[in-house]
Amino acid sequence: MRKKIVKHYKKSVFFQNLTKVFTGNVFAQLILVGISPLLTRVYSPSDFGVYGGYASLLGIFLVISSCAYEKAIPIEKKSVQSYHLILLCLLISTLFFILGIGIYLTVGWSVFNLINLSVSFWLPILFSIGLYAASIQQILNYWSIKKNEFSDLSFSKIYQSSVNVSMQLFFSKLTLSDGIGLVGGDLLGRVVASLYLMSRFAKSKKSKFSWKIMGNQIMKYRKFPLLGTPSLLLNNLSLQLPTLIFISYFGSELSGQFSLAQRTIGMPISMITLSLGQVFYGNASSLVETNRPKLVQNYFKLTMHLTMIFLIPMILFMFFAPHLFLFLFGSNWILAGKFARMLTPMFFSQIIVIPISQILYITNNQLVQLIWDSTRFLLVVVGFMLLKWFDLGIEVSVLFYSISMTFSYVLLYLLGIKSLQK
């Protein structure tokens, strides 16, 4: 029986693609996780706080950098139309980059003003470049998914992580202030990854450019910017707001503790969910119109297997997190371990739900997705406002965030089931 199961998975295209992506992400995340104990000894909690603010703001603006049209790339069946979608996304991202740099250099305003974080002159410029590189990488990731070029995804992640950590360690020797060393390493990693994917895209078969085709694609997938962009923005605001709020409410040092907890556990989770999510998105995009029962089967099978695999490890982690952080990162980071313990229910729900979280886009239920994202965003914002009003402190705030996010992921899972049954 066991041999039949193994043989079945080896023949599965889904499993083969997952293996390619997962292997690359394992190496990439091992590099990041393995170097973290060194980084926590050469950078201060304040540096990690600034870096956490940079990463959170980048995550928020990344989802609107190409107006969500990139999500239509794997869904579009015709290669000529897909090619024009890619060009459209690259054009929007370029205009977004020029606008951001222009505003900062002209009037001196940057996204860091949104959280009242005082930074050096160069950090907003690094942010704009990093966002542009991340946007290109995101667009071409979806192109790789469409082409089933999952090896390219793996190599790009490995290159990104390798450059990231090596440059962060190098910059630590230069005693740069305001977390610029961490930001600079992250930026260069994204630039290298985007250049690699761009070189692969440049070698692919091209189509003759047509403004008419691009205009048709803009109208055909107009739901993505009209409903998808607000939804994605609210989604990422819900994820990134705690870091930004903690910077504003409690300062960069305490927020740095929270950022390390998010980074340390979030990186392995990202490795798992990103790999599974990319393959599931490609697989589901091809099945949604042709074999809905198979898609439903994959939905339940994937989430059930993830639950069985990670339930016990996450329970054990919840008990030992503070001791683990003390051992790995030193006595300055024990509070981060306490935060990680509180966030364990959220981390577990992310592992189960994020791989299938784009099912509402695939089933053309962008409005339902927008309502869910809006509800979660309001829950987080109102909750943090009340916590600030009653001055309940950062630990209660972290616990509230964990509980509310866990509830929201369970709700998204149930909405996904309902969308598949239609």
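Keep in mind that the numbers below use all heavy atoms, side chains included, and drop hydrogens, waters and symmetry copies. Quantities reported herein were computed from a predicted structural model and do not represent experimental measurements.
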> Checking side-chain contact (heavy atoms from CB on, under 4.5 Å) for the pair Val111/Leu58: CA distance, chi angles, key distance, verdict?
Replying inline: CA-CA 9 Å; Val111 293; Leu58 190 144; over 6 Å; no

Measure from the side-chain N and O atoms of [X] to the backbone N and O of [Y], and report whether any donor-acceptor pair falls under 3.5 Å.
X      : Y      : value
Ser93  : Ser135 : no
Gln168 : Ile35  : no
Arg200 : Tyr196 : no
Ser156 : Leu153 : yes
Asp47  : Ser44  : yes
Ser46  : Glu253 : no
Arg341 : Phe319 : yes
Asn365 : Val368 : no
Thr264 : Ala261 : no
Ser166 : Ser162 : yes

>> Under the criterion ring pair (Phe, Tyr, Trp, His ring centres under 6.0 Å), I'd like the reasoning laid out for Tyr43 against Phe171: C-alpha separation, chi angles, the key distance, then a yes or no.
In response: CA-CA 10 Å; Tyr43 289 102; Phe171 289 142; 9.2 Å; no

[X] atom [atom1], over 12 foreign heavy atoms within 6.0 Å:
X      : atom1 : answer
Met304 : CE    : yes
Lys418 : NZ    : no
Trp109 : CH2   : yes
Leu414 : CG    : yes
Phe407 : CZ    : no

> Please walk me through it: do Phe384 and Tyr401 pass side-chain contact (heavy atoms from CB on, under 4.5 Å)?
Replying inline: CA-CA 8 Å; Phe384 277 120; Tyr401 178 63; 4.0 Å; yes

Contact between [X] and [Y] at the side-chain level, heavy atoms closer than 4.5 Å - yes or no?
X      : Y      : result
Arg263 : Ser36  : yes
Pro355 : Leu302 : yes
Leu232 : Ile64  : no
Leu140 : Ile136 : yes
Ser357 : Ile354 : yes

>> Among Trp333, Phe48, Phe246, which residue satisfies the ring pair (Phe, Tyr, Trp, His ring centres under 6.0 Å) criterion with Phe258?
In response: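 Result: among Trp333, Phe48, Phe246, Phe246 is the only option passing the ring pair (Phe, Tyr, Trp, His ring centres under 6.0 Å) with Phe258.
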
> Given the rule in the side-chain contact (heavy atoms from CB on, under 4.5 Å) test, do Tyr69 and Thr229 qualify, once you have shown the distances and angles that lead to the verdict?
Replying inline: CA-CA 9 Å; Tyr69 274 114; Thr229 298; over 6 Å; no

> Taking the six-membered ring of Tyr249, is NZ or CZ of Lys388 closer than 6.0 Å to its centre and within 45° of its axis?
Replying inline: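 Here Lys388 passes the 6.0 Å and 45° test against Tyr249.
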
> Is the Lys NZ or Arg CZ of Lys71 less than 6.0 Å from the centre of Phe224's six-membered ring, within 45° of the axis?
Replying inline: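 Ring-cation test returns no.
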
Do you know which two heavy atoms are closest between [X] and [Y], and how far apart they sit?
X      : Y      : result
Leu326 : Ser331 : CD1-CA, 3.6 Å
Asp373 : Ser238 : O-OG, 4.3 Å
Ile352 : Thr303 : O-CG2, 3.6 Å
Leu412 : Leu360 : CD1-CD1, 3.8 Å

> Glu76 and Lys146: salt bridge (charged side-chain N to carboxylate O under 4.0 Å, His left out), yes or no, with the steps?
Replying inline: CA-CA 9 Å; Glu76 175 57 59; Lys146 176 178 178 56; over 6 Å; no

>> Applying the side chain to side chain contact (heavy atoms under 4.5 Å, CB included) criterion to Ser419, which one of Asn364, Thr363, Ile362 satisfies it?
In response: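 Single side chain to side chain contact (heavy atoms under 4.5 Å, CB included) partner of Ser419 among Asn364, Thr363, Ile362: Thr363.
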
>> Below 30° counts as parallel, above 60° as perpendicular, anything between as tilted: where do the rings of Tyr132 and Phe97 land?
In response: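 Taking Phe97 first and then Tyr132, their aromatic rings lie parallel (interplane angle under 30°).
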
> Relative to each other, are the rings of Trp372 and Tyr409 parallel, tilted or perpendicular (30° and 60° limits)?
Replying inline: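 Rings of Trp372 and Tyr409: tilted, 30 to 60°.
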
>> Under the criterion ring pair (Phe, Tyr, Trp, His ring centres under 6.0 Å), I'd like the reasoning laid out for Phe121 against Tyr104: C-alpha separation, chi angles, the key distance, then a yes or no.
In response: CA-CA 10 Å; Phe121 171 81; Tyr104 177 63; 5.7 Å; yes

